[in-house]
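Counting begins at 1 with the first residue of the sequence. Because the structure is predicted, anything quoted here is derived from the model rather than measured.
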Amino acid sequence: MKDEYDFSTAERGKFFRKGGRIVPPVHLEPDVLAYLSELADAKGTSLNELVNTLLKEDIEQLDAAK
């Protein structure tokens, strides 16, 4: 690292977007990823769509159980 940095031309908030959402990465265990990838291929859908569908179904079941 340098001893000093020049921030005289820096712009505050350059990358800030009001209302912006951060989408955190989700890390699946290797065996879960392999299973879901095979299931997505068998259904002819993307892994993303399959996981979202499964999670939405779980959310509905959790809400119904309240």
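To the nearest 0.5 angstrom, Leu33 atom CG is 6.0 Å from Leu47 atom CG. Distance CG/Asp63 to NZ/Lys66: 4.5 Å, rounded to 0.5 Å. Atom CD of Glu29 sits about 11.0 Å away from atom CG of Leu36, to the nearest 0.5 Å.
Only one option out of Val51, Asn52, Leu50 pairs with Leu54 in a side chain to side chain contact (heavy atoms under 4.5 Å, CB included); it is Leu50.
Under a 4.5 Å side-chain heavy-atom cut-off, the cluster of Ile, Leu, Val, Met, Phe, Trp and Tyr residues that includes Phe7 is completed by Met1, Tyr5.
When only modelled atom types and interatomic distance are considered, Ser8 and Asp6 share a side-chain donor-acceptor pair under 3.5 Å.
By the rule that hydrophobic residues join a cluster once side-chain heavy atoms approach within less than 4.5 Å of another member, Val26 and Val32 end up as members of one cluster.
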